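Lettering follows sequence order; numbering is per chain, from 1. Every value quoted in this text rests on a predicted model; they were computed, and no experiment measured them.
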Number of protein chains: 2
Amino acid sequence: MKTLRVPEATVTRLSIYSRFLERLDRNGVTTVSSGEIAEGVGVSPAQVRKDLAYFGEFGTRGVGYNVKDLMKYTLKILGLDQSWSLAIMGAGNLGFALCTYRGFNVRGFNIAGVFDNDPTRIGKRIGNLEVQALEKFPEIAERENIRIGVIAVPISAAQEVADLLVKNGVEAILNFAPVALNVPDEIEIRNVDLSVKLEILTFNLGFRAAQSL
Amino acid sequence: MKTLRVPEATVTRLSIYSRFLERLDRNGVTTVSSGEIAEGVGVSPAQVRKDLAYFGEFGTRGVGYNVKDLMKYTLKILGLDQSWSLAIMGAGNLGFALCTYRGFNVRGFNIAGVFDNDPTRIGKRIGNLEVQALEKFPEIAERENIRIGVIAVPISAAQEVADLLVKNGVEAILNFAPVALNVPDEIEIRNVDLSVKLEILTFNLGFRAAQSL
DNA sequence: TAACATATGTGAATTTAATAACATAAACGG
DNA sequence: CCGTTTATGTTATTAAATTCACATATGTTA
């Protein structure tokens, strides 16, 4: 098998293309060109074609791409032709927002449990979920086949929660705590840092000001 | 002036170094090496030095970096030696979580207003803030000198809100709606897409499974 | 004070990603 | 059925980012 490494930036864009295609499909658009996708998501047409080329030939020369088909292909590539069970670790404001975030359901993610260790939060309902004690995680993780954990706890608890996830068979972690977590190499982990992008903005605003002196 | 373009990845890491340095400082650490920073945030030592080199020489050969000093430098570079007033647009669950997110205050961001157009939300309190009607934005933006707007509204309202921000002098936008917004070139805009990173995880889990066949 | 250990700063080499350019294939019109 | 148009897929080119390697500077010890 020809195993060509796919750049993470390509996967990121694929996820964005995929959602754009879903929108086109909902709007009844049947055919789309790389140029239109590029325009819609803010990249170059060559980039779109190059990204898709990692995975095969999906278009028709002189015509473009069939929206429904390409949508399905992108979903398949991203592993979204199946449903994934998530656990949200932490039922604070961020955990709450993640539990109720529509975007996850739409893309086939199923929030199978919310966990916290704060007694005042345990038992509370979030939508049709009930906040569970952390101790319940092993049992529920097994029953619900939870392969992905989302960490939405304070920095001080993040490593401990990551350990709990790993110990109970979670294979991938999305970490919202602004700290580098220590996990075995075989665990997929990505961080989402809410203030980093804000600081890119302030950097650029300052930088621009400096350059116009 | 020598204007060397700074890669965005460098700025991203700088933000992460900066926070790591604050943590070291809180823990009473006074000196740190590029290797220790690298270890702490998960990059290579050469990367740390290269990143810092865009902005000057901050260390002492054979010794390392003074934690307090380097922390101040990184904050300065990121534009965080001043306070920035933000507006959170959208008082849904995500907007709520962002309003109460500690990480922003810690880094010098001041949430100067929360806005929504839903009458059932307007007037509600979030911490010491009161949700304001969207119509109040121009007045409050001017009074509070809001230069950064955070979009936490549904896709359907995102472009309209972006237009409102731009029209009222906002210079930078952090967009949580999973859609490419149209703004003038001089506006700094960055997107945070909560499901993209999850889909990188599912892609990798699937990819790994495919490779082990 | 000389030799050694340590860790920065940086130019060169390497790797990786993005862009451009173009050959190829499909559709259409006369 | 041939020429024209269009848009893909792919190769070549350019650009960018990362890693490497080492010269340089500092502190320490004998």
Side-chain angles (χ1 to χ4, degrees), chain A residues 2-17 20-21 24 29-71 73-74 77 196 200 203-204 207, chain B residues 2-17 20-21 24 29-71 73-74 77 196 200 203-204 207:
Chain A
K2 192 183 173 188
T3 304
L4 191 53
R5 213 194 125 269
V6 180
E8 183 145 326
T10 289
V11 182
T12 298
R13 286 187 297 263
L14 211 66
S15 164
I16 294 167
Y17 302 158
F20 180 67
L21 289 164
L24 290 181
V29 179
T30 58
T31 303
V32 70
S33 69
S34 59
E36 289 163 335
I37 297 175
E39 167 81 24
V41 306
V43 302
S44 74
Q47 183 80 82
V48 172
R49 296 200 299 275
K50 200 76 196 283
D51 286 335
L52 294 174
Y54 280 99
F55 305 100
E57 302 190 6
F58 305 107
T60 307
R61 298 181 187 205
V63 180
Y65 303 90
N66 177 285
V67 171
K68 247 189 221 313
D69 289 348
L70 188 57
M71 182 185 81
Y73 281 126
T74 56
I77 292 165
V196 162
I200 291 174
F203 171 82
N204 285 331
F207 206 64
Chain B
K2 192 182 174 189
T3 304
L4 192 51
R5 210 193 128 269
V6 180
E8 182 144 327
T10 290
V11 182
T12 298
R13 286 187 296 263
L14 211 65
S15 164
I16 294 167
Y17 303 157
F20 180 67
L21 289 164
L24 289 181
V29 180
T30 57
T31 303
V32 70
S33 69
S34 59
E36 290 163 335
I37 297 174
E39 167 81 25
V41 306
V43 302
S44 73
Q47 183 81 82
V48 172
R49 297 199 299 274
K50 207 63 204 268
D51 285 337
L52 294 174
Y54 280 100
F55 305 100
E57 302 189 9
F58 306 107
T60 308
R61 298 182 186 204
V63 179
Y65 304 90
N66 178 284
V67 171
K68 248 188 220 311
D69 289 348
L70 188 56
M71 182 185 80
Y73 282 127
T74 56
I77 292 165
V196 162
I200 291 174
F203 170 83
N204 284 332
F207 205 65

Engineer: Both A:E8 and B:Y65 contact DNA chain C. Which one's nearest nucleotide lies toward the 5' end?
Structural biologist: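 Checking each residue's closest nucleotide, the 5'-ward one belongs to B:Y65.
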Engineer: Are any non-hydrogen side-chain atoms of B:I37 and B:L70 less than 4.5 angstrom apart?
Structural biologist: yes
Engineer: Within a strict 4.5 Å, meaning less than it, do heavy atoms of the A:L21 and A:V29 side chains meet?
Structural biologist: no
Engineer: Around atom CZ of B:F203, are there more than 12 heavy atoms from other residues, nucleotides or ligands closer than 6.0 Å?
Structural biologist: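 More than 12 heavy atoms, drawn from other residues, nucleotides or ligands, come within 6.0 Å of this atom.
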Engineer: Can you list, in residue-number order, the parts of residues 32-43 of chain A that come under 4.0 Å of DNA chain C, counting heavy atoms only?
Structural biologist: none
Engineer: Without placing hydrogens or testing angles, list every side-chain donor-acceptor pair under 3.5 Å for residues 55-66 of chain A, not counting sequence neighbours.
Structural biologist:
unit_1 : atom_1 : unit_2 : atom_2 : d
A:N66  : OD1    : A:K68  : N      : 3.1
A:N66  : OD1    : A:D69  : N      : 2.9

Engineer: Between C:dG11 atom P and B:R49 atom CZ, what is the distance in whole Å?
Structural biologist: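 Checked: the CZ to P distance equals 14 Å.
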Engineer: Treat primed atoms plus P, OP1 and OP2 as sugar-phosphate and everything else as base, then score nucleotides 23-30 of chain C 5' to 3': B for base contact with protein heavy atoms under 4.0 Å, S for sugar-phosphate contact only, - for none.
Structural biologist: -BBSS---
Engineer: Name all residues meeting the side-chain hydrogen bond (donor to acceptor under 3.5 Å, both in side chains) criterion together with A:E8; count only those two or more places apart in sequence or in a different chain, and write none if there are none.
Structural biologist: A:R190
Engineer: Without decimals, in angstroms, what is the distance between B:F55 CZ and C:dT10 P?
Structural biologist: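 Taking atom P of C:dT10 as the reference, CZ of B:F55 is at 14 Å.
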Engineer: Between the opening five pairs and the closing five pairs of the helix from C:dT1-D:dA30 to C:dG30-D:dC1, how far apart are the helix axes, to 10°?
Structural biologist: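 End-to-end axis angle for the helix from C:dT1-D:dA30 to C:dG30-D:dC1: 0°, rounded to 10°.
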Engineer: How many angstroms lie between atom NZ of A:K50 and atom OG of A:S34, to the nearest 0.5 angstrom?
Structural biologist: 13.5 Å
Engineer: Does a side-chain heavy-atom distance below 4.5 Å link B:L52 with B:L14?
Structural biologist: yes
Engineer: Can you check the A:R13 CZ to C:dT16 C1' distance for me, whole Å?
Structural biologist: 12 Å
Engineer: Taking atom CZ of B:R5 and atom OG1 of B:T10, what is their separation to the nearest 0.5 Å?
Structural biologist: 9.0 Å
Engineer: Check this for me: A:Q47, atom CD, are more than 12 non-hydrogen atoms of other residues, nucleotides or ligands nearer than 6.0 Å?
Structural biologist: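 Count over threshold, so yes.
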Engineer: Kindly check if the number of other-residue, nucleotide or ligand heavy atoms within 6.0 Å of CD (A:E36) is above 12?
Structural biologist: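 Buried by this count: over 12 neighbours within 6.0 Å.
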Engineer: Is the CZ atom of A:F20 crowded by more than 12 outside heavy atoms at less than 6.0 Å?
Structural biologist: yes
Engineer: Please test B:D51 against B:V43 for side chain to side chain contact (heavy atoms under 4.5 Å, CB included), starting from the C-alpha separation and ending with a verdict.
Structural biologist: CA-CA 11 Å; B:D51 285 337; B:V43 302; 6.0 Å; no
Engineer: Under 4.5 Å between any side-chain heavy atoms of A:Y54 and A:P7, yes or no?
Structural biologist: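 Yes - at least one pair of side-chain heavy atoms lies under 4.5 Å apart.
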Engineer: Taking heavy atoms of chain B and a 4.0 Å limit, find me the 5'-most and 3'-most nucleotide of DNA chain D within that range.
Structural biologist: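 Footprint of chain B along DNA chain D, 5' to 3': D:dA17 to D:dG27.
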